[in-house]
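Working notes, beginning with the structure itself.
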Amino acid sequence: MAITQVYTAVPGDIITAARWNNEFGNIYNNFADLSSASVIATGSSEVRALNTRFADRLNVKDFGAVGDGVANDYTALNAALVYVAANGGTIYMPAGTYLIDSGIILTSAAQPFHLVGAGPQRTIIKRSTNFAGSTIEIRSSNDWSITNLTINGNHAVFTGGNHGLAFRDCNRVYLGRLFVTDYKSAGIIGFSATPGVATHGDNVVEQCTADGLAACALGIMVADQYRTRFVNCVAKNIDTASNPGYGIQFKNNCRDCVMINPQVFTARMGIVISNDKIDADDSFDNRVYGGYAFNCLLTGLDFGGVNRSGAYDVKIDMNNQGNDACTFDDATIQSEVRISTVDVPVVKSCVKFSTNCFDNYAVITSMSQPALGAICFGSIISSATSLRNTVILNKVVTPVITSASNLFSNASDSTNTFESQNITLRNLLTIATGIITVGNGKIQHILVDTEAAAATDDLATINGGNDYQQVTLTSTNNTRDIVVKHNTGNIVLNGLADFTLDNTADTLTLLYRSTLSKWVEVGRSNNL
């Protein structure tokens, strides 16, 4: 039965609450239940029952939730989610702190549903006892979303918990504007009940932050997923002292997954693709576009056991501590990175390949490292079992005297290559039994010193070198003569005669020709 009361106001008429109750309130006194009353929304002509209208967007307080940070709201929140999962629709959580004394677990939702808070830091779900398991876990359910709220695992007080938010065997999930903090294992994690098989996916995690308070194991990760996306997500304060300590990760057999602008601030490893130590053929075509990793103890960007994957325009700031900026591990194949690095520690690497990595490609768009040391860049390539990998260094922001042989630390029987585009590498080398060994920098300026600081020394052989690599030799000291020998070893000079670098102003430029296995002179200056 529709209830209608019309009042036409006249100028100067005042309707007080008391007048309204006296004149119109009695109309409703005969109705104990108004749920069947009808309403018409402003701007609409459709008459709808009140109970139907309110059911369009349920409120957790309709199920008894309080949200005062004192009451136990587990029963109310669980009932609300069970209802909306069975019937579909959206359920709203007003601002407040909702304590729960048990994990909220939802399995096999029959209908799409959406849990919406009033905003991160305004709507907070917080663990209040030491129950095991995740704070929230959704299993075997599709087409659902959780947005605009905080999940606080309260791990500092209750250490028996696990993940902040977990979803298992789910498809087409959307998680947006979530702040997950103070948990034990992962802030947000998606995975399969059958590890190693990518059977679920098309999930999106967007504008979510995981803050581990320097005590948790993981930030945000999914395992065994296809076509899942992380968009503008942040992981910070991840535990750096124990495994795994990853910031943002695609793990195990992920396929066609994408990270867009991931941000990691302090972790053991920053942005990670795979690291499953299974078979690279089972994890492929994953991508990272943009992103930033800061202060990561082991590496800022890691590829482990993946195939045909890439990371582009990622900035890695090692904060002058830890290990290597970018690592290729565990049989990574046909993958590529384009990175810029800052503050890579002394004796560490911008890019490093480990066991059984083949046909990978890395471009270092710029490299800045203020600390000076015996090895300024660290080794770029390592391990004789990694073959046909290429590293290109485009720009050095902070010029330093670098050791080219350490820029490219490479087994003699490998086929890896290193190129420095338009960069002259300065390197100090000392003759040993008539020999120096150069690295694979495309253009190098080598300061040569005599063995045991002798007054004169012969240089007959230059080990190392790639086709068309160019080196310019100069003596380090005006009082030590370097006699470069013609055709005694693998050096061929103009005039078929030896040339002496007897002061620091003299130079000799050589070009390596692989067809001859010789360094051939292309120019000299005898200035003093």
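- Note that the CG atom of Leu77 and the CE atom of Met93 stand 4.5 Å from one another [nearest 0.5 Å].
- Listed for the Thr129 side chain is a donor-acceptor partner under 3.5 Å among the backbone atoms of Asp101.
- Summarising the geometry, atom CE belonging to Met221 is positioned 4.5 Å from atom CD1 belonging to Ile189; distances are rounded to the nearest 0.5 Å.
- The ring pair (Phe, Tyr, Trp, His ring centres under 6.0 Å) test with Phe303 singles out one residue from Phe328, Tyr361, Phe353, and that residue is Phe328.
- Asp359 places no side-chain N or O within 3.5 Å of a backbone atom of Gln334 that could act as its donor or acceptor partner.
- With Asn295 as the partner, the side-chain hydrogen bond (donor to acceptor under 3.5 Å, both in side chains) test is satisfied by one option alone out of Thr266, Asp317, Asp343: Thr266.
- Taking CG of Leu149 as the start and CD1 of Ile124 as the end, the distance is 9.5 Å to the nearest 0.5 Å.
- Scanning both residues, Ala86 and Gln111, for their nearest heavy atoms gives O-CG, 3.4 Å.
- Judged purely by distance below 3.5 Å, without hydrogens or angles, the side chains of Asn203 and Gln225 pair a donor atom with an acceptor atom.
- Side-chain contact check for His200 versus Arg168: every heavy-atom pair is 4.5 Å or farther apart.
- For Tyr98 and Tyr74, the ring centers are positioned 6.0 Å apart or more.
- A salt bridge between Asp285 and Arg255 is absent, with no side-chain N of the basic residue lying under 4.0 Å from a carboxylate O of the acidic one.
- Taken to the nearest 0.5 Å, the CD1 atom of Ile220 stands 6.0 Å off from the SG atom of Cys208.
- Within the 4.5 Å cutoff, the side chain of His163 has no heavy atoms near those of the Glu137 side chain.
- Applying the salt bridge (Lys or Arg N to Asp or Glu O under 4.0 Å) test to pairs two or more places apart or on separate chains, those with a residue in residues 187-202 are Asp202-Arg227.
- Between Thr476 and Leu428, some side-chain heavy-atom pair lies under the 4.5 Å cut-off.
- Counted within 6.0 Å of CZ on Arg229, heavy atoms from surrounding residues, nucleotides or ligands total 12 or fewer; the atom is thus considered open.
- Under the 3.5 Å distance criterion, with hydrogens and angles disregarded, no donor-acceptor pair is assigned to the side chains of Asp324 and Thr299.
- Using a distance-only test at 3.5 Å, with no hydrogens or angles considered, a donor-acceptor pair links the side chain of Thr123 to the main chain of Pro94.
- Here the CD1 atom belonging to Ile138 is positioned 9.5 Å from the CD1 atom belonging to Ile105, to the nearest 0.5 angstrom.
- Environment of NZ in Lys315: sparse, with no more than 12 heavy atoms of neighbouring residues, nucleotides or ligands closer than 6.0 Å.
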Walk me through whether Leu165 and Ile146 qualify under side-chain contact (heavy atoms from CB on, under 4.5 Å). CA-CA 10 Å; Leu165 171 60; Ile146 299 177; 4.2 Å; yes

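- The shortest side-chain heavy-atom distance between Pro120 and Thr150 falls under the 4.5 Å cut-off.
- In Arg122, the CZ atom is not crowded: 12 or fewer heavy atoms of neighbouring residues, nucleotides or ligands sit closer than 6.0 Å.
- Residue pairs meeting the side-chain hydrogen bond (donor to acceptor under 3.5 Å, both in side chains) criterion with at least one partner in residues 207-217, sequence neighbours excluded, are Asp211-Asn237.
- The backbone N or O of Tyr83 sits less than 3.5 Å from a side-chain atom of Asn87, completing a donor-acceptor pair.
- Counting only distance, with no hydrogens or angles, the side chain of Asp329 and the backbone of Thr332 share no donor-acceptor pair below 3.5 Å.
- Checking side-chain atoms of Ser274 against main-chain N and O of Lys251 turns up no donor-acceptor pair under 3.5 Å.
- Between Phe167 and Phe191, the ring centre distance reaches or exceeds 6.0 Å.
- Residues Gln263 and Asn261 have side chains that bring a donor and an acceptor to within less than 3.5 angstrom of each other.
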Check step by step if side chain to side chain donor-acceptor pair (under 3.5 Å) holds for Ser185 and Asn162. CA-CA 5 Å; Ser185 296; Asn162 198 7; 2.5 Å; yes

Steps toward side chain to side chain donor-acceptor pair (under 3.5 Å) verdict (Arg268, Asn243): CA-CA 8 Å; Arg268 189 168 175 267; Asn243 286 325; 2.6 Å; yes

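- Between the side chains of Tyr312 and Glu336, at least one donor N or O lies within less than 3.5 Å of an accepting N or O.
- The minimum heavy-atom distance between Pro262 and Gly290, with the atom names listed, is CD-O, 3.6 Å.
- No donor-acceptor pair under 3.5 Å is formed between the side chain of Asn286 and the backbone N or O of Ser309.
- Once rounded to the nearest 0.5 Å, the distance linking OG1 of Thr437 with CG of Asn463 reads 4.0 Å.
- The shortest side-chain heavy-atom distance between Asp302 and Ile273 does not fall under the 4.5 Å cut-off.
- Between the side chain of Asp224 and the backbone N or O of Pro195 there is no donor-acceptor pair closer than 3.5 Å.
- A parallel orientation is assigned to the rings of Trp144 and Phe113, their planes being inclined by less than 30° (bins at 30° and 60°).
- Distance alone, capped at 3.5 Å, is enough to place a donor-acceptor pair between the Arg127 side chain and the Gly153 backbone.
- Residues Ile238 and Cys216 meet the side-chain proximity criterion, which asks for heavy atoms closer than 4.5 Å.
- A donor-acceptor pair is defined here as one N or O able to donate and one able to accept, closer than 3.5 Å; such a pair exists between the side chain of Tyr183 and the backbone of Leu218.
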